[in-house]
Amino acid sequence: MIKKVDHIGIAVKSLEAVLPFYTEVLGLPLLKIEEVDSQKVKVAFLKAGEIKLELLEPTSNESAVGKFIEKRGEGIHHVALGVDSIEERIKELKENGIRMIDEKPRSGAGGADIAFMHPKSASGVLFELCEKREKKE
Ligand code: CMX
């Protein structure tokens with residue numbers, strides 16, 4: 001069902017403040033920066049070997065990431081699992097009693113269809129399913 005860990009989401013207060021650590025100290029290549037209006041975040045993707053790190057800066061305090069930072073501070077926010085046929089994967093998870101935040105895929109960063117499982121259904125971890133749209137074309 002799961003092909004790989006696609007990326008790890010890390011909540012940060014300011015991309016500008018933390019990027020030098022990731023690019024200069026850790027030496028990770030910056031792949032791109034984009035704003036995801038639907039999630040009210042600005043994200044930076046870094047290449048870390050086979051997987052990516054997604055730094056998430058909230059553009060609103062009312063966003064999921066804004067609320068997360070307010071409650072827990074900066075840190076690991078979610079783990080994204082790469083899948084094919086995301087709608088079928090969502091259906092299987094629901095049949096297994098997993099509570100989905102997104103019952104249908106929605107548009108996420110990096111040209112992907114995404115859907116989140118509720119952390120209460122996944123041992124306290126916020127998992128994202130993600131399917132790259134390019135692959136379908
Ligand atoms: N990881 C693990 N647990 C988390 C969590 C996270 N990132 N965020 C919240 N929780 C836990 C809370 O600790 C809380 O648990 P307790 O009741 O034991 O305290 C529970 O989930 C509910 O949290 P809440 O703060 O009451 O509810 P929120 O309104 O903050 O909603 C969540 C939490 C997960 C439903 C919401 O953040 C959400 O819908 N997330 C999916 C979308 C998202 O995260 N988008 C940002 C990334 C976008 C991108 O990658 O492009």
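First listed ligand is number 1; within each ligand, the first listed atom is number 1.
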Task: Ion pair Lys91/Glu95, N-O distance below 4.0 Å - done: yes
Open item on the list: Using the salt bridge (Lys or Arg N to Asp or Glu O under 4.0 Å) criterion, which residues pair with Lys42? Sequence neighbours excluded.
Closed with: none
Open item on the list: I'd like to check the side chain to side chain donor-acceptor pair (under 3.5 Å) partners of Lys47; sequence neighbours left out, ordered by chain and number.
Closed with: none
TODO: Using heavy atoms and a cut-off under 4.0 Å, could you grab the residues that are in contact with ligand 1, chain by chain, numbers ascending?
DONE: Gln39, Glu54, Leu56, Ala64, Val65, Lys67, Phe68, Lys71, Arg72, His77, His78, Ile101, Arg106, Phe116, His118, Pro119, Lys120, Gly124, Leu126, Glu128
Task: salt_bridge(Asp113, Arg106) N-O dist < 4.0 Å - done: no
Open item on the list: One thing to verify: whether Lys4 and Asp6 come together as a salt bridge, which I'm taking to mean a side-chain N less than 4.0 angstrom from a carboxylate O.
Closed with: yes
Task: Residue pairs fulfilling ring pair (Phe, Tyr, Trp, His ring centres under 6.0 Å) with at least one residue in residues 61-86, sequence neighbours excluded - done: His7-His78, Phe68-His77, His78-Phe116
